[in-house]
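Heads up: numbering here begins at 1 and tracks the sequence. Just so it is clear, the structure is predicted and the values come from calculations on it, not from any experiment.
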Amino acid sequence: MTDAEARSVAIGPMSQEGFSQQLLSLSIFDGIGEETFSAIEAELEWVDLRGGSTLFREGDQSKALYVVTHGRLGAFMRDADGQEQLVAQIHAGETVGELGLISGEPRTATLIGLRDSKLLRLTKSAFEKLIEQHPKAMQYVVQQLVGRLQQAAPRSAPDDAPRTFLIAPLDPGVAYADLAHDLAEALSGLGERVHLLDAEVAGQSTEWFHKIEAAHDRILYLAEPKNSAWTHRCFRQADRILFVATGRAPQPDRPLVEPPSTETPLPSLELVLLQEPMAPQPGGAAPWLERLHFDFHTHIRSENRADLARLARLMTGRAVGLVLSGGGARAITHIGVIRALRRAGVPLDLVGGTSMGAIIAAGIALEWDDEQLKHMLGRSFADSNPLSDYTLPLISLVRGRKVTNMLHDEFGEAQIEDLWRTYFCVSTNLTAGTPKVHRRGSLWKAIRASISLPGLLPPVIEEEQVLVDGGFINNLPGDVMRAMRRGPVIGVDAGTDRGLTSLATDLEEKSLWWLLRYGRKGVPGIVRILMSAGTVSSTAQTIASRNQLDLLLQPPLGSLSLLDWKAYERAIDIGYRSTMETLEQLETPLF
């Protein structure tokens with residue numbers, strides 16, 4: 001046994017009642033003969049592995065194989081940066097360590113208990129003894145293991161949806177227990193079999209918890225408002241941890257409940273901020289996000305059924321993500337698409353976008369209705385052109401003050417982390433040559449970076465980095481939304497169904513007089529050229545982003561110009577009608 005094994009597991013002889021029946025219930029022993037089974041049974045030992053503890057580490061000598069009877073393990077491997085990443089999960093009834101035992105090679109991954117688990121252990125010495133005394137037994141076991149290996153497809157990333165959730169308070173006054181009960185009801189409304197467990201069951205065995213989990217789709221573990229033994233056990237049992245805090249409330253000197261200190265990776269840590277029932281705008285996220293590392297956060301109004309249903313979808317991988325492309329005036333079609341999706345009952349739980357898509361997605365995150373979205377776009381672009389403050393083109397054709405003032409007027413001091421819907425937008429970092437995904441900070445400033453077409457608008461400078469329009473590198477960021485792994489993703493592309501054309505050739509041979517007199521009839525102007533360039537990602541990126549979508553919507557905008565802001569009514573109507581037709585033609589509803 002390795003040092004890691006000695007520190008983290010408890011090993012004992014087979015003395016528990018019903019052991020034989022438990023073994024026979026495992027698929028690996030299907031069809032085994034009585035003599036063979038008895039020989040294997042005599043050599044096995046029980047192993048109790050606490051959640052968060054290490055069974056063995058990558059590179060350790062292979063001295064045993066294990067069969068998981070209760071609980072779940074995680075296989076971790078180091079990436080190029082030396083960080084351990086979860087690559088697979090091992091459930092009850094599956095084996096681990098068999099290859100190393102047979103081949104003698106070192107362990108290829110680190111195995112950690114994702115929750116309190118029970119395993120059966122067959123040591124190498126016992127393995128060799130069985131080979132000598134019971135060759136038929138080992139022939140059977142090897143055949144079973146080889147068959148399992150041949151059937152097992154390699155997994156590059158864990159695909160198991162979380163089934164167990166810990167709900168724990170961060171501040172003394174937060175109504176986290178009420179949220180847990182309301183959330184259980186919301187999950188039941190999705191057709192889930194849900195069970196809520198609290199400290200009253202703290203004395204139950206690992207087997208008891210395994211049976212409860214096996215009988216339900218989701219388990220909610222309710223922590224005590226302190227770092228008690230029950231709370232620590234909840235941490236060991238949870239696939240995902242939801243910390244609950246009161247929005248806009250002063251933070252305590254220290255969180256009421258804290259994750260146990262451990263060298264092993266913790267499950268995903270997420271923050272739920274409870275807001276007042278009638279709160280016009282959420283708040284309070286930034287201090288918590290700066291203080292603790294959370295993988296995700298969301299705002300919930302107390303006793304708001306729609307918000308609870310959204311949280312339930314986010315937890316179970318059923319949340320709908322919407323990504324909106326850039327496209328100048330053509331992107332106003334997004335408003336019609338949104339109207340159709342809402343009419344069809346499609347929830348818009350997470351939103352993101354690039355350039356003009358970033359502006360419209362922000363309206364959804366702020367919970368603007370269809371009329372508010374339409375009025376904002378009409379007021380800001382159709383009624384007054386914000387790209388009309390031309391200047392000496394040392395940096396750009398347009399000064400950019402009108403755009404900046406417009407964005408500040410529309411979005412005020414709203415922060416991305418304090419929106420009702422999870423939101424992001426994309427810009428291009430020219431300094432690093434990479435995309436920049438904005439998830440925190442000033443909303444209007446992030447949008448200003450996302451729409452900053454080089455040559456047309458001045459870039460945004462952030463920490464000495466030069467940020468410009470996101471359309472140059474990712475005009476339809478479906479890949480960013482997919483990486484959040486919260487459910488189906490819808491993408492709306494308003495930028496690529498018609499290329500830029502010209503009726504004239506040899507433009508460099510034309511005189512200035514000819515260009516001034518005839519150019520507008522058949523030659524695209526500099527503003528249109530710049531806007532077209534800003535909405536065309538590389539072909540490879542476009543294909544990659546579209547491949548991340550569950551549904552691609554591409555309204556037939558035809559000859560609608562990138563600069564035809566006055567045609568916004570037409571663009572909205574096209575988006576609405578084409579989306580309704582697409583949804584009606586779906587053979588299987590996606591949502």
Side-chain angles (χ1 to χ4, degrees), residues 50-52 71-76 84-91 112-117 157-170 174 176-177 179-188 190 192-198 209-210 212-214 216-224 230-245 255 257-260 262 264-274 285 288-289 292-300 307-319 321 349-350 422 482-487:
R50 290 170 64 89
R72 189 185 301 179
L73 309 185
F76 292 81
E84 289 190 335
Q85 300 294 330
L86 179 63
V87 296
Q89 296 190 28
I90 298 92
H91 301 262
I112 297 171
L114 297 182
R115 61 191 62 178
D116 288 356
S117 303
D159 55 6
D160 303 81
R163 297 184 62 246
T164 58
F165 300 84
L166 165 60
I167 300 177
L170 284 176
V174 66
Y176 78 105
L179 173 66
H181 286 88
D182 291 342
L183 188 54
E185 183 178 345
L187 288 165
S188 297
L190 293 177
E192 300 273 345
R193 296 172 299 166
V194 186
H195 200 68
L196 180 64
L197 299 175
D198 58 22
F209 284 101
H210 176 73
I212 292 294
E213 292 183 13
H216 296 84
D217 299 310
R218 315 287 171 183
I219 302 294
L220 303 182
Y221 286 94
L222 187 64
E224 292 184 294
W230 166 250
T231 297
H232 287 164
R233 181 164 196 170
C234 292
F235 274 106
R236 299 197 304 271
Q237 293 296 115
D239 295 330
R240 184 172 291 172
I241 298 168
L242 303 183
F243 279 111
V244 187
V257 172
E258 295 179 283
T262 174
T264 60
L266 286 169
S268 174
L269 299 181
E270 302 186 2
L271 173 65
V272 178
L273 282 161
L274 285 181
W288 283 115
L289 296 177
L292 299 172
H293 173 73
F294 291 104
D295 301 294
F296 188 83
H297 80 280
T298 190
H299 297 273
I300 300 295
D307 285 359
L308 287 165
R310 173 164 50 87
L311 178 56
R313 291 191 295 272
L314 288 166
M315 291 169 58
T316 58
R318 302 183 188 183
D349 299 308
L350 311 98
T422 300
R482 174 63 68 192
M484 299 172 75
R485 300 180 62 183
R486 295 291 163 165

Under the rule for salt bridge (charged side-chain N to carboxylate O under 4.0 Å, His left out), what residues qualify as partners of Glu192, not counting sequence neighbours?
Arg218, Arg318
How about Phe209 and Asp116: do any of their side-chain heavy atoms sit closer than 4.5 Å?
no
When rounded to the nearest 0.5 Å, the distance separating SG of Cys234 from CG of Leu222 is 7.5 Å
Does the side chain of Glu270 come within less than 4.5 Å of Arg240's, by heavy atoms?
yes
The reported gap from CG in Leu292 to CG in Leu269 (rounded to nearest 0.5 angstrom) is 8.5 Å
Close side-chain approach of Leu273 and Ile300, heavy atoms under 4.5 Å
no
Side-chain touch Ile167/Val244, heavy atoms, less than 4.5 angstrom:
yes
Under 3.5 Å side-chain donor-acceptor pair for Thr298 and Arg310:
yes
Which of parallel (below 30°), tilted (30 to 60°) and perpendicular (above 60°) describes His232 and Phe235?
tilted
Identify, with sequence neighbours excluded, every residue that meets side-chain contact (heavy atoms from CB on, under 4.5 Å) alongside Asp182.
Leu308
Beyond-backbone contact of Val174 with Pro169, side-chain heavy atoms, under 4.5 angstrom:
yes
dist Leu86:CG -> Ser268:OG (nearest 0.5 Å) comes out at 11.5 Å
Side chain to side chain contact (heavy atoms under 4.5 Å, CB included) between Val87 and Phe76: does it pass, once the steps are laid out?
CA-CA 6 Å; Val87 296; Phe76 292 81; over 6 Å; no
Dump the intermediate steps for side chain to side chain contact (heavy atoms under 4.5 Å, CB included) on Arg50 and Arg236, then the final yes or no.
CA-CA 7 Å; Arg50 290 170 64 89; Arg236 299 197 304 271; 2.7 Å; yes
Could you walk me through whether Thr422 and Met484 pass the side chain to side chain contact (heavy atoms under 4.5 Å, CB included) check?
CA-CA 10 Å; Thr422 300; Met484 299 172 75; 3.5 Å; yes
Looking at Arg163 and Asp217, does any basic side-chain N land under 4.0 Å from a carboxylate oxygen?
no
Nearest heavy-atom approach of His210 to Gly71 is ND1-N, 3.6 Å
Ser188 side, atom OG; Arg193 side, atom CZ - distance, nearest 0.5 Å
11.5 Å
Of all residues at least two apart in sequence or in a different chain, which pass the ring pair (Phe, Tyr, Trp, His ring centres under 6.0 Å) check with His216?
His195
Testing the basics here: between Ser117 and Arg72, what is the closest heavy-atom pair and its distance to 0.1 Å?
OG-N, 3.1 Å
Restricting to side-chain contact (heavy atoms from CB on, under 4.5 Å), what partner residues turn up for Thr164, sequence neighbours left out?
Arg115, Glu213, Ile219, Tyr221, Asp239
Flag the pair Tyr176 / Val272 as yes when at least one side-chain heavy-atom distance between them is below 4.5 Å, and no otherwise.
no
Might you point out which heavy atoms bring Leu114 and Gly74 nearest each other, and give the distance in Å?
CG-N, 3.5 Å
May I ask you to test the Leu73-Gln89 pair for a side-chain heavy-atom distance under 4.5 Å?
no
How far does CG of Leu183 sit from CG of Leu196, to the nearest 0.5 angstrom?
9.5 Å
Contact summary for Trp288 and Pro255, nearest pair of heavy atoms:
CZ3-CG, 4.3 Å
Listed by chain and number, what are the side-chain contact (heavy atoms from CB on, under 4.5 Å) partners of Ala238, not counting sequence neighbours?
Leu166, Ile241
Report the C-alpha distance between Leu187 and Thr316 in whole Å, list the side-chain angles of each, state the deciding distance to 0.1 Å, and finish with yes or no for side chain to side chain contact (heavy atoms under 4.5 Å, CB included).
CA-CA 9 Å; Leu187 288 165; Thr316 58; 3.6 Å; yes
Taking the side chain from Arg486 and the backbone from Ala319, do they hold a donor-acceptor pair closer than 3.5 Å?
no
Compare all side-chain heavy atoms of Phe243 with those of Pro259 and state whether any distance is below 4.5 angstrom.
yes
Rounded at 0.5 Å granularity, tell me how far CG in Leu350 sits from CZ in Phe296.
5.0 Å
Kindly write out the residues that satisfy ring pair (Phe, Tyr, Trp, His ring centres under 6.0 Å) with His181, not counting sequence neighbours, or none if the list is empty.
none
